[in-house]
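In what follows, a single structure is set out as structure tokens and then discussed.
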Protein chains: 2
Amino acid sequence: MPGELNVGAGERGRRPATIYDVARLAGVSHMTVSRYLRGTTGVGAESGRKVARAVALLDYRPNRMARIMRTRRSDRIAVILPDATGMMPTRLLTGAARAAHEAGYLLDLVALEGDAAARAERIHTLLRPEYVAGIVAFTPLHAWTGDRAPTEMAVPVVVDGEYDDNMRAQGVLADATPAAGIVRHLAGLGHRRFLHVAGPQAWASARNRRAVYEATVAELGLESYGVAPGDWGAEAGRRAAGWLPGSGVTAVFAANDRTAFGVVQGLRELGIDVPGQVSVFGWDDDEIGRCLVPALSTVSVDRERQGGDAVRRLLALLNGQEPAAPPEAGALNRLVVRDSTGPAPTRAV
Amino acid sequence: MPGELNVGAGERGRRPATIYDVARLAGVSHMTVSRYLRGTTGVGAESGRKVARAVALLDYRPNRMARIMRTRRSDRIAVILPDATGMMPTRLLTGAARAAHEAGYLLDLVALEGDAAARAERIHTLLRPEYVAGIVAFTPLHAWTGDRAPTEMAVPVVVDGEYDDNMRAQGVLADATPAAGIVRHLAGLGHRRFLHVAGPQAWASARNRRAVYEATVAELGLESYGVAPGDWGAEAGRRAAGWLPGSGVTAVFAANDRTAFGVVQGLRELGIDVPGQVSVFGWDDDEIGRCLVPALSTVSVDRERQGGDAVRRLLALLNGQEPAAPPEAGALNRLVVRDSTGPAPTRAV
DNA sequence: TTGTACGCGTTATCAC
DNA sequence: GTGATAACGCGTACAA
């Protein structure tokens, strides 16, 4: 039994109130307080009121560490960041943090650094359920788990933009609408011969966009000149622009805005007009696209929601529910047609 | 005394080994193990060896939660991200995460969302030393603490890019070299009349760049046409470009690359050649700058180190040391002169 | 409905 | 140098 109990609430430098302090002030046992706080059944109305008053008076907050230790259930969700260079939308992380917070979880930021051994060690630590309730990765898994499937891991794992095998079909479909919409839009403008500048194929989102691009081109009886390799960066787009002269391609679909930006710059250097001779479509609705001349046609993505959804899928797993279906494409993505796309030219480059 | 002890290491589904398991296997008391693990003095050589063997055999790792609970010292560092829209360099976060990890800390991502009351509540929770050892903010403080100074807060706080009042002078100096270098470089090319497109003045880094710009311009006897407002975004730069016709300005220093990018686009729309008529300098070494036509002159920043340094400053505070001086500018920043800057034209726009 | 005893895994304290 | 014992704050099990 604790010896000295805290009494004052506003005392400066005082240790935070414990459940015992609340119990004493409310004139009940600490278990009544515990039950009341967790919403467990079995607390009298009168006791409840007294506890509530004491909690407010003492500004009591449960000690999460103690709770975790006792229940052996962590309240932390680990977010694994891409180790690759590059920018990450802040909104993605804040959206994830909000979703976690709303469910009473905290977000731990984890960067996997060092060599394979160091990574393995880090993962090994992470996998202990007492530390992390689950993991959300905004990056492909392969880099750090090797061939181990997420389902084999000790704690639930959600990889955003990726879908485990059972859901791959759904995943592709979910991501399909915008990519298919882009091709359809361009086809509607008279374009017949396309080039896709892909993202790194380790990323499911990049693979999906490419797959849907190819499927839609085939479905509509159009022609794909090919798929240029990319890495989400601008330079890849610039290099891809070099493929165009003499190719007969009139429309380029880049995996993201930075790459599309590179394509536009590369075309400019080649003296090819956008969208007069070649139309370019991006993906991300990065602000730079709005300022680009010509303004970039792109796909607007609700990053905040995307981050939140990833966490919510994990939470569903944690609660033993079927993982929620990936968000519908329409809710997340929206085609934004600007000036970088136009009618197909009568004569291709 | 624990009843059942874990014996096997590789057992599947087995609970992790505790300090008692190690003690039993090593044939010592759990306190000897504890002392050995923490590197406390007072462990015999023989005991140490036995403990080390047992630890390795059982794959034992201390339970952080239990440790935190007992010591009342959290192992978590909270990172506060800018709530403003935008991208954040992943490297900044991975650098911070690495530094924290090396010191045995975990990085918690905290997004302050909601209204003022919700933020205050969140902060209030954060301030409990049992939860967070300290806070690193990659965003100005004002937005969330109001007027409360970091030093008044219950846990140490480091704001990256910002410097508390005692160090303001140092801070400006530390950030000065590149901004002054830019002006000097442009002056060396014959430019005499400048425009600065600033970042949001809530950010110390933006204020510093502006202040150093103005100081250097004055020091060299040059002329500043003015300072255009900005928000780190491209559109602000584009608007600022509208200031130029008839201004006599031949060189623009933008607070960051995105803004510089906007300036270049805006000038293009106005039919003003870069760098023929106007030179443009950015800051960040964003990859898009390399692909821009003309390639953007900029300041290369070691983001990983910047993130790590922020955490290390916090760690110094935690250890009761004088906070380390802000990193020297030369180590972090490097001028990268590309094609967007050139000799001053004989006749200004 | 409420309360008592105990354990979670660790560190602090104080003996030996 | 080493070890027994008592916290840390909470939840579970069981008795009242």
Side-chain angles (χ1 to χ4, degrees), chain A residues 1-6 14-51 54-55 58-75 104 125 128-131, chain B residues 1-6 14-51 54-55 58-75 104 125 128-131:
Chain A
M1 200 180 309
E4 284 227 327
L5 294 182
N6 300 335
R14 259 271 184 261
R15 291 225 312 250
T18 75
I19 203 172
Y20 287 101
D21 300 323
V22 176
R24 204 173 74 129
L25 185 59
V28 297
S29 90
H30 81 279
M31 276 317 297
T32 301
V33 178
S34 173
R35 281 190 267 261
Y36 172 81
L37 290 172
R38 281 174 299 144
T40 308
T41 169
V43 178
E46 178 59 22
S47 298
R49 263 192 302 279
K50 286 194 290 191
V51 169
V55 164
L58 294 174
D59 192 27
Y60 168 79
R61 295 139 203 264
N63 184 318
R64 304 178 84 121
M65 298 300 172
R67 182 175 281 178
I68 291 167
M69 189 166 158
R70 177 66 232 208
T71 61
R72 304 174 154 284
R73 263 194 75 175
S74 172
D75 66 343
T125 302
R128 296 178 65 162
E130 324 99 68
Y131 292 158
Chain B
M1 202 181 310
E4 284 227 328
L5 293 183
N6 301 334
R14 259 270 184 260
R15 289 228 311 253
T18 74
I19 204 170
Y20 284 100
D21 300 323
V22 176
R24 205 173 73 130
L25 185 60
V28 297
S29 91
H30 77 280
M31 276 315 297
T32 301
V33 179
S34 175
R35 280 192 268 264
Y36 171 80
L37 290 171
R38 281 175 297 144
T40 308
T41 168
V43 178
E46 179 59 21
S47 299
R49 262 193 302 278
K50 286 193 290 189
V51 169
V55 164
L58 295 174
D59 191 27
Y60 166 80
R61 294 139 205 263
N63 184 318
R64 302 178 86 120
M65 299 299 174
R67 179 175 285 179
I68 291 167
M69 186 170 157
R70 176 65 230 209
T71 60
R72 305 170 153 283
R73 264 194 73 176
S74 172
D75 66 342
T125 302
R128 296 178 66 162
E130 323 100 66
Y131 292 158

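Quick note on labels: first sequence line is chain A, next is B, and so on, each numbered from 1. Because only heavy atoms are used, hydrogens play no part in the values below, and waters and symmetry mates are left out as well, while side chains stay in.
- Protein atom OH of B:Tyr20 is 10 Å distant from nucleotide atom C1' of C:dT11, rounded to whole Å.
- Judged by distance alone, with hydrogens and angles left aside, B:Arg67 brings no side-chain donor or acceptor close enough to the base of C:dT10 to form a pair under 3.5 Å.
- For the atom pair CD1 (A:Ile19) and CE (A:Met31), the distance works out to 7.0 Å, reported to the nearest 0.5 Å.
- Put simply, A:Arg38 has a side-chain N or O that comes within less than 4.0 Å of OP1 or OP2 on D:dT12.
- Donor-acceptor pairing under 3.5 Å, judged by distance alone, is absent between the side chain of B:His30 and the base of D:dT2.
- For B:Arg70 and C:dA12, a side-chain-to-base donor-acceptor distance below 3.5 Å is absent, hydrogens and geometry of angles not being considered.
- For C:dT1, neither phosphate oxygen OP1 nor OP2 lies less than 4.0 angstrom from any side-chain nitrogen or oxygen of A:Ser47.
- Side-chain atoms of A:Arg67 and A:Thr71 form no donor-acceptor pair, as typed in the model, at a separation below 3.5 Å.
- Whole-Å rounding puts the B:Leu58 CG to C:dG9 C1' distance at 15 Å.
- In this structure, the CG atom of B:Asp21 is 13 Å from the C1' atom of C:dT10, given to the nearest Å.
- Summarising the geometry, the separation between OH on B:Tyr36 and P on C:dT10 is reported as 16 Å, rounded to the nearest angstrom.
- At a cut-off of 3.5 angstrom, the base of D:dG11 holds no donor-acceptor pair with the side chain of A:Arg35.
- Phosphate contact (OP1/OP2 of D:dA4, side-chain N/O of B:Ser29, threshold under 4.0 Å): absent.
- Going from atom CG of A:Leu37 over to atom C1' of D:dG11 covers 12 Å, rounded to whole Å.
- Taken to the nearest 0.5 Å, the CG atom of B:Asp59 stands 12.0 Å off from the CG atom of B:Asp21.
- Nucleotide C:dT10 holds its P atom 10 Å from the CZ atom of A:Arg72, rounded to whole Å.
- For D:dG11, the OP1/OP2 oxygens have a side-chain nitrogen or oxygen of A:Ser34 closer than 4.0 Å.
- Atom pair A:Met31:CE and D:dA15:P shows a separation of 15 Å (rounding to whole Å applied).
- Distances shown here put every side-chain N or O of B:Thr18 at or beyond 4.0 Å from the OP1 or OP2 atom of C:dC8.
- In this entry the distance linking NZ of B:Lys50 with P of D:dG1 reads 15 Å, nearest Å.
- Between B:Thr71 and B:Gly48, the one whose closest nucleotide on DNA chain D sits nearer the 5' end is B:Gly48.
- Annotation for B:Ala23 and B:Val33: closest pair CA-CG2, 3.7 Å, computed over non-hydrogen atoms.
- To the nearest 0.5 Å, atoms CZ (A:Arg72) and CE (B:Met65) are separated by 12.5 Å.
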